[in-house]
Amino acid sequence: VVTPKNASKTTTGATGAAGVSGGPPIMPLASPLMGKKKKPFLGMPAPLGYVPGLGRGATGFTTRSDIGPARDANDPVDDRHAPPGKRTVGDQMKKNQDDDDEDLNDTNYDEFNGYAGSLFSSGPYEKDDEEADAIYAALDKRMDERRKERRELREKEEIEKYRMERPKIQQQFSDLKRKLAEVSEEEWLSIPEVGDARNKRQRNPRYEKLTPVPDSFFSKHLQSGENHTTVDPLQGLGGLNTPYPGSMTPGLMTPGTGELDMRKIGQARNTLMDMRLSQVSDSVSGQTVVDPKGYLTDLNSMIPTHGGDISDIKKARLLLKSVRETNPHHPPAWIASARLEEVTGKLQVARNLIMKGTEMCPKSEDVWLEAARLQPGDTAKAVVAQAVRHLPQSVRIYIRAAELETDIRAKKRVLRKALENVSKSVRLWKTAVELEEPEDARIMLSRAVECCPTSVELWLALARLETYENARRVLNKARENIPTDRHIWITAAKLEEANGNTQMVDKIIDRAITSLRANGVEINREQWIQDAEECDKAGSVATCQAVIRAVIGIGIEEEDRKHTWMEDADSCVAHGALECARAIYAHALQVFPSKKSVWLRAAYFEKNHGTRESLEALLQRAVAHCPKAEVLWLMGAKSKWLADDVPAARSILALAFQANPNSEEIWLAAVKLESENNEYERARRLLAKARSSAPTARVFMKSVKLEWVLGNIEAAQELCTEALKHYEDFPKLWMMRGQIEEQCESMDKAREAYNQGLKKCPHSVPLWLLLSHLEESVGQLTRARAILEKARLKNPQSPELWLESVRLEFRAGLKNIANTLMAKALQECPNSGLLLLLWIGPSYSKIHSAVFLEGRPQRKTKSVDALKKCEHDPHVLLAVAKLFWSERKITKAREWFLRTVKIEPDLGDAWALFYKFELQHGTEEQQEEVRKRCENAEPRHGELWCAESKHVLNWQKKTGEILAQVASKIKNTF
């Protein structure tokens, strides 16, 4: 026997071992047969599927030692992680047998071919099988091509024959369709309409109506002996066998009678509902859908509104009935039942229920009041009278009885009867006093304070009705009875002030603080300040100021006094209590007489809310305590100037010179005073003196400006040249020099001035803008663009430069480049209000043409994005206001304009746009209000505003005139 191992080693019989692996042939050993003719197959590869020795039966076999021992069907397989059903040897063998079984299903059988599938599908698909399939496919293709023409011809003939035998409907009526051209309009209209061929049931479907069985049905069948009705346990109740009314279940019928117990029926229905809700609650993958307990609880508390579901009303009525029967002495059950019937329109049933409730709950105020509410007039009075007999101490019932009376005398009689029974009720006394005349009210109040000595309201009401002397005695008695109430003391102080005894006010307030502390009362500073504000609003100024002086310093640390008092003053101003704020400032100035900031706050308060005399008096005190505070001197001089008292203003400035020699602000204020009053020579002398004694860049600038506006161009140029020798790094001098040259139409000299200025001041953005405008005005657009690019390199993140670059491209008609620049600008300056203003809406400057960077659909979205980035930027708020203006939403636009000028009152462009808006859509009062507010704000910034206010021709114009001029130059661009 030759095994595969030793078979490969044998050399006899030309075993062809070389063909086993398909490798190169093994050369035979030297033998006598070498000289014979060589076989032709030697050295050639073995054919496919060749097995050496198979022809003579010399094949190898496998022994048990090669494959291992036999295994039982229940032995586990080697794979530890095999899925269920494949974990034993038997499972694996069964699976293999199932795979080998042929599908013998009827759907897989054909009469000609038999069962589908190949007989040799279980065998391996080898190369010779693939070759055979290719040959058969080629034969089929060849045979199909030979018969294709004949087959297609035969199919065409069959189709034509079929169409001849069974023509289409279109072909059948083709001749009739041709004749339709001959039909006249009358014949066409005479053709009858096609009726509905459906039967009556199909034409008029009647939906199935399901009506719940009433309780009378069960009662009728119960009396007739039909008591076999039960619940089928298979009808979705999960095996629940709950008997229905009418069945022989003990407890549903009252013993000895044939009547139903409706309460038991309600309990059974609730049980069924509870079971159904329990089944529904876990029907969706274990998640609770309905809370049955909460649902039933809601039913108990449900009072349906009028017009609600009638089933809900019946359920609520049944549940409330159950509550009444379970606990008949529970007042809310009767009230709820009556209100339910009232809502459903059954008023008489509601009245009967509530009257029965008064019988069951005679000691309940609420039930009696509800009964009085539901009953008509006379019956309600009888109900209230009955309630008084049961509850003689009830204040609410007496009040209701008085309300039911229509005659004043009857009301008084009822209330006096009530006061006989309940003499200690403050509410009854107050109601009775309100109905009396002043004299009778005083008598009743004197009795009321005896019965209710702890009521502050009654004591104060009596004091108001008494004379001065009697009121003092009444308040003294009140203090004895109620030593812990502050209102009595404050009323006493107001009494003294009202009778001209103002020197007693401070004493009373001081004694009040001392007495209240002695009686253990904590002095609450905030409450006392609120009382002072109420006194201020009532006109008791002295009492208000006394209270502020007494409590303003209580409970405050020494280092926090100034900050806290300023906040208190602002709070009083916000509440409209101006005298309180004035008293706080006066006290703060006594404590901090040398604090410049406190004097300034007080001065601004007097400027906004006081008179000119009070402001000037305060400023005189202020400069006496703070002589080095220049702003206080200037405010005093300006106040005199606005009052057309120029000599007084000059005298104040002279005193300011003495206190602050060589002060630039005072020099310039004096120059402005003289120039505004057309005293140009005095202004020149002052400026010359200032240049010699206090030479500063601003003094030189004002000197140049004065000569420029007066038309002395040569003097202005000489002064400018002299100033630049000393202050060459002051950009405004270079700007003025260039603008003067532009005015003289010397463009080359102006360009040279701007260029020299930029060498000294490369970070001055206005200088770059002026040079760019100059180049653009002479037609050098490329040079202007290069200047702006260079400026952006020198001054990164400058929104003004980016804005001018975008405008330059728009004016040149290059909108695409402008949009690209705007995108870059927003990346570099994402929070710039100037850029967002142009991004959202139209620009309104006279320097450039009006443009919209975004169309109407995108503007709202862009405005929302801009507000998220810069919520409090005035330019963004102004853009939103213009957006509403363009959409003709007048109210919203006005609100956003007001918000803008409130956040930034110094922005002149906002005031101009607001004034323009009011000129178009507002009244004369609204226009005047905007103008006055603008004059008080005195704006100094804004592109349009500065272009007009700083123009040499407008140097003497007031704020109101500039406002009107700027508004007139604004054109609606939407």
Side-chain angles (χ1 to χ4, degrees), residues 608 642 676 803 807 810-811 833-834 836-856 859-860 862-863 866-867 870 872-974:
N608 295 327
L642 291 176
E676 291 287 345
L803 183 64
R807 290 171 174 174
F810 262 106
R811 290 194 293 268
L834 277 174
L836 293 172
L837 172 62
L838 184 62
W839 186 48
I840 296 171
S843 81
Y844 48 84
S845 173
K846 69 171 186 177
I847 301 174
H848 58 281
S849 57
V851 293
F852 276 102
L853 280 185
E854 295 295 340
R856 284 186 179 273
R859 286 182 210 160
K860 287 187 178 180
K862 301 301 183 184
S863 62
L867 283 173
C870 309
H872 301 292
D873 192 285
H875 296 92
V876 175
L877 299 179
L878 187 60
V880 176
K882 292 196 300 175
L883 179 63
F884 284 122
W885 185 6
S886 67
E887 295 177 353
R888 301 299 185 268
K889 296 180 179 178
I890 307 304
T891 305
K892 287 187 176 181
R894 184 175 286 112
E895 292 176 358
W896 282 90
F897 275 124
L898 288 171
R899 191 178 303 180
T900 304
V901 296
K902 183 178 181 181
I903 287 180
E904 186 54 74
D906 194 48
L907 185 61
D909 290 359
W911 287 108
L913 279 166
F914 193 11
Y915 188 65
K916 179 73 173 181
F917 170 79
E918 293 297 352
L919 287 175
Q920 291 186 358
H921 304 286
T923 61
E924 293 184 0
E925 292 79 9
Q926 292 171 330
Q927 297 167 12
E928 186 65 21
E929 182 185 358
V930 172
R931 189 183 62 80
K932 287 183 178 179
R933 289 183 61 185
C934 179
E935 290 177 350
N936 293 331
E938 295 183 357
R940 295 184 178 181
H941 294 88
E943 185 179 4
L944 284 177
W945 188 268
C946 291
E948 294 297 325
S949 63
K950 293 186 178 182
H951 197 277
V952 292
L953 300 178
N954 303 327
W955 70 284
Q956 278 188 318
K957 290 187 177 180
K958 306 294 184 182
T959 303
E961 298 173 349
I962 295 175
L963 176 68
Q965 190 169 345
V966 175
S968 64
K969 293 190 177 182
I970 295 176
K971 295 182 179 179
N972 284 3
T973 54
F974 31 83

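Note that the structure is a prediction, hence the values are computed from the model and not measured. Just so you know, residue 1 is the first one in the sequence shown, and it goes up from there.
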J.: Rounded to the nearest 0.5 Å, how far does CD1 of I962 lie from NE2 of H951?
T.: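 Between atom NE2 of H951 and atom CD1 of I962 there are 12.0 Å.
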J.: Run the salt-bridge test on E948 and K969 with the 4.0 Å N-O cut-off and return the result as yes or no.
T.: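 Salt bridge: yes.
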J.: Do you know which two heavy atoms are closest between A937 and P905, and how far apart they sit?
T.: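 Closest approach of A937 to P905, heavy atoms only: CB-O, 3.7 Å.
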J.: Give the minimum heavy-atom separation between A967 and K916, together with the two atoms involved.
T.: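 Heavy-atom minimum between the residues: O-CD, 3.3 Å.
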J.: Under the rule for side chain to side chain donor-acceptor pair (under 3.5 Å), what residues qualify as partners of T891, not counting sequence neighbours?
T.: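 Expected list: none.
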J.: Using the test side chain to side chain donor-acceptor pair (under 3.5 Å), find all partners of N608 that sit at least two apart in sequence or belong to another chain.
T.: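 For N608, no residue satisfies side chain to side chain donor-acceptor pair (under 3.5 Å) once neighbours in sequence are set aside.
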J.: Return the set of residues passing salt bridge (Lys or Arg N to Asp or Glu O under 4.0 Å) with E904 (not counting sequence neighbours), or none when no residue passes.
T.: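 Once residues adjacent in sequence are excluded, E904 has no partner under the salt bridge (Lys or Arg N to Asp or Glu O under 4.0 Å) criterion.
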J.: List for me each residue that meets salt bridge (Lys or Arg N to Asp or Glu O under 4.0 Å) alongside E938, sequence neighbours excluded, and say none if there are none.
T.: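 In terms of salt bridge (Lys or Arg N to Asp or Glu O under 4.0 Å), with neighbours along the sequence ignored, E938 is linked to K638.
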J.: Going from NE2 on H875 to CG on L803, what distance comes out if it is rounded to the nearest 0.5 angstrom?
T.: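 So the gap between those two atoms works out to 9.5 Å.
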J.: What's the shortest heavy-atom distance between H872 and I903, and which atoms?
T.: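 Looks like O-CG2, 3.6 Å.
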J.: Tell me the closest heavy-atom pair linking V901 and A910, and the distance in Å.
T.: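 It is CG1-CB, 4.1 Å.
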J.: Using every non-hydrogen atom in the two residues, find where V966 and L944 come nearest and quote the distance to one decimal.
T.: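 Minimum heavy-atom separation between V966 and L944: CG1-CB, 3.9 Å.
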J.: Looking at C934 and P939, what are the two nearest heavy atoms and their distance?
T.: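 Minimum heavy-atom separation between C934 and P939: O-CD, 3.3 Å.
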J.: Roughly how far, to the nearest 0.5 Å, is the NZ atom of K902 from the CG atom of L877?
T.: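 Those atoms lie 12.0 Å apart.
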J.: Taking NZ, NE, NH1 and NH2 as the nitrogens, is one of them in R933 or E918 under 4.0 Å from a carboxylate oxygen of the other?
T.: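 Looking at E918 together with R933, the answer is no, because their closest N to O distance does not fall below 4.0 Å.
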J.: Quick one: list whatever passes side chain to side chain donor-acceptor pair (under 3.5 Å) with E928, sequence neighbours left out.
T.: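 Residues passing side chain to side chain donor-acceptor pair (under 3.5 Å) with E928: R931.
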J.: Exactly one of W896, W911, W885 should register a ring-ring contact (aromatic ring centres under 6.0 Å, His included) with F917. Which one does?
T.: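 Running ring-ring contact (aromatic ring centres under 6.0 Å, His included) over W896, W911, W885 with F917 returns exactly one hit, W885.
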J.: Compare all side-chain heavy atoms of K889 with those of E895 and state whether any distance is below 4.5 angstrom.
T.: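 In short, these two side chains do not touch, never coming nearer than 4.5 Å.
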J.: With W945 as reference, evaluate T959, L907, D906 under the side chain to side chain contact (heavy atoms under 4.5 Å, CB included) test and give the passing residue.
T.: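 With W945 as partner, side chain to side chain contact (heavy atoms under 4.5 Å, CB included) holds for just one option, T959.
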J.: Can you sort out the partners of F914 under ring-ring contact (aromatic ring centres under 6.0 Å, His included), two or more places apart, ordered by chain and number?
T.: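 Residues passing ring-ring contact (aromatic ring centres under 6.0 Å, His included) with F914: F897.
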J.: Would you give the length of the straight line joining atom CD1 of I890 to atom NE2 of H921, rounded to the nearest 0.5 angstrom?
T.: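 Taking CD1 in I890 and NE2 in H921, the distance rounds to 4.0 Å.
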J.: Nearest 0.5 Å, what's the CG-OG distance between L963 and S949?
T.: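 Rounded to the nearest 0.5 Å, the CG-OG separation comes to 11.5 Å.
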